[in-house]
Amino acid sequence: MRFEVVTVFAQMIDEACAHGVLGRAISAGLVQVGTTDPRRFTSDVHQTVDDRPYGGGPGMVLKPKPCVEAIRMAARRAPPGSPRILLSPQGRPFDQAQARRLAGLPGLVLVCGRYEGLDERIVELAIDEELSIGDFVLSGGELAALAVIDAVSRLLPGVLGGADSVRDESFTENLLDWPHYTRPPAFEGLTVPAVLQGGDHAAIRRWRLKQSVARTWQRRPDMIIRQPLSREAQVLLNEFLAERAGG
């Protein structure tokens, strides 16, 4: 899969993509990440990509000409069928379902805003959709673009080395992850649950699901409200709530 990122800070993308799972996926040829700098499409000696906003107000706004031309160049580099996506707090929420949708595409063109925003004509002329990684403000879209690249790349065949790695992660079944433990079995008075130290795989699977359901109910009940639990998960949630009520 190929990602093309339109950004005035290409080094942020390049450096972040050189490490960990994503870096290995790029080295293996499973993922490609390219960048296009709108400054390349300016004509003044200072390579100016921003200007004061019409109507007054603080800050600067990205100019339409260099940005639109940069997006069009990036789109030509991306495979056919790659949507042009603006990372924006006004976009639809990016979640695991969105990551799965995007992972089924041949590529993505991710556009990073900066300063106070971009000229609206950029959106009208060169953007297919907008995505938001949360209800907060960043200095630019680069960190949001990296989050999308990482989340989508993990779902691609071969990136994590096995289907089980993807299947068991948080949000895959609309539940948070269960607690994880490793050696030693005891540390500063805290011990690994006995069920995990035994060899009963069915009991371990049930314990993990119960922990996932309980954590989701305690920390992200909105996830359970949005998508009903499976019958087994509902039984385990009821069991957990009964244990909690009984002290």
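In this chain, numbering begins with 1 at the start of the sequence shown. Fair warning: this is a prediction, and the values are worked out from it, not measured in the lab.
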Please step through side-chain contact (heavy atoms from CB on, under 4.5 Å) for the pair R92 and L131, ending with a clear verdict.
CA-CA 5 Å; R92 74 172 73 173; L131 287 178; 3.3 Å; yes
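- Rounding to the nearest 0.5 Å gives a distance of 5.0 Å between CG of L236 and CG of L209.
- A heavy-atom distance below 4.5 Å is found between the side chains of M223 and L176.
- I26 has its side chain out of reach of Q32: every pair of non-hydrogen atoms, C-beta onward, lies at least 4.5 Å apart.
- Within a 6.0 Å radius of CZ in R101, other residues, nucleotides and ligands contribute more than 12 heavy atoms.
- Under the 4.5 Å side-chain heavy-atom criterion for grouping Ile, Leu, Val, Met, Phe, Trp and Tyr, V33 is not connected to M73 through any hydrophobic cluster.
- Distance alone, capped at 3.5 Å, is enough to place a donor-acceptor pair between the S132 side chain and the G134 backbone.
- Under a cut-off of 6.0 angstrom, the local environment of CZ in F136 is crowded, with over 12 non-hydrogen atoms contributed by other residues, nucleotides or ligands.
- D222 CG: more than 12 foreign heavy atoms inside a 6.0 Å radius.
- In terms of modelled atom types and a separation under 3.5 Å, the side chain of Q197 and the main chain of V192 share a donor-acceptor contact.
- L155 and A151 make their closest contact through CG-O, 3.6 Å (heavy atoms, listed as atom of the first residue, atom of the second, distance).
- Within the 4.5 Å cutoff, the side chain of S153 has heavy atoms near those of the F3 side chain.
- Nearest approach of I122 to V68, heavy atoms of both residues: CA-CG2, 4.0 Å.
- For the atom pair E232 CD and R206 CZ, the distance stands at 7.5 Å (nearest 0.5 Å).
- Taking the side chain as every heavy atom from C-beta outward, F41 and R72 never approach each other to under 4.5 Å.
- Rounding to the nearest 0.5 Å places CZ of R84 at 4.0 Å from CG of D128.
- Just one of V8, V61, L118 meets the side chain to side chain contact (heavy atoms under 4.5 Å, CB included) condition when paired with V49; it is V8.
- For the pair T42 (side chain) and R39 (backbone), a donor-acceptor distance under 3.5 Å is present.
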side-chain contact (heavy atoms from CB on, under 4.5 Å), that's the test. Do L156 and L30 meet it? Break it down for me.
CA-CA 8 Å; L156 301 177; L30 300 171; 5.9 Å; no
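- Note that OG1 of T36 is 12.0 Å distant from CD of E69, once rounded to the nearest 0.5 Å.
- In this structure, the side chains of R220 and R226 come closer than 4.5 Å at one or more pairs of heavy atoms.
- L102 CG to I149 CD1: the interatomic distance, rounded to the nearest 0.5 Å, is 11.5 Å.
- L175 is not connected to W207 by any chain of hydrophobic side-chain contacts under 4.5 Å among Ile, Leu, Val, Met, Phe, Trp and Tyr, and they are in different clusters.
- For the pair P79 and R2, the tightest heavy-atom approach, listed with the atom from each and the gap, is CD-CB, 3.9 Å.
- T216 contributes atom OG1, which lies 8.0 Å from atom CG of L229 (distance to the nearest 0.5 angstrom).
- The two atoms that bring A145 and L87 nearest to each other are N-CG, 3.8 Å, heavy atoms only.
- Side-chain contact check for V5 versus E142: every heavy-atom pair is 4.5 Å or farther apart.
- Applying the 6.0 Å contact sphere to CD of Q11 captures no more than 12 heavy atoms from other residues, nucleotides or ligands.
- The nearest pair of heavy atoms linking P58 to E116 is O-CG, 3.3 Å.
- With hydrophobic clusters built from ILVMFWY side chains whose heavy atoms lie under 4.5 angstrom apart, F187 does not share a cluster with Y181.
- At least one side-chain heavy atom of M1 sits less than 4.5 Å from a side-chain heavy atom of L108.
- Summarising the local packing, NE2 of H201 is surrounded by 12 or fewer heavy atoms from other residues, nucleotides or ligands at distances under 6.0 Å.
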Worked check of side-chain contact (heavy atoms from CB on, under 4.5 Å) between C17 and L146
CA-CA 8 Å; C17 290; L146 288 167; 3.9 Å; yes
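- With a 4.5 Å cut-off on side-chain heavy atoms, P64 and L125 do not count as touching.
- Between the side chain of D119 and the backbone N or O of K63 there is no donor-acceptor pair closer than 3.5 Å.
- In the hydrophobic clustering of ILVMFWY residues, with side-chain heavy atoms under 4.5 Å counting as a link, F240 and V195 come out apart.
- The hydrophobic clustering, which links ILVMFWY residues whose side-chain heavy atoms are closer than 4.5 Å, places V235 and I204 apart.
- Among all heavy-atom pairs drawn from R77 and T35, the shortest one is NH1-O, 3.3 Å.
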| said: For a side-chain contact (heavy atoms from CB on, under 4.5 Å) check, start with the C-alpha distance between M12 and T7, then their side-chain angles and the critical distance, and finish with the verdict. | reply: CA-CA 9 Å; M12 289 181 64; T7 170; over 6 Å; no
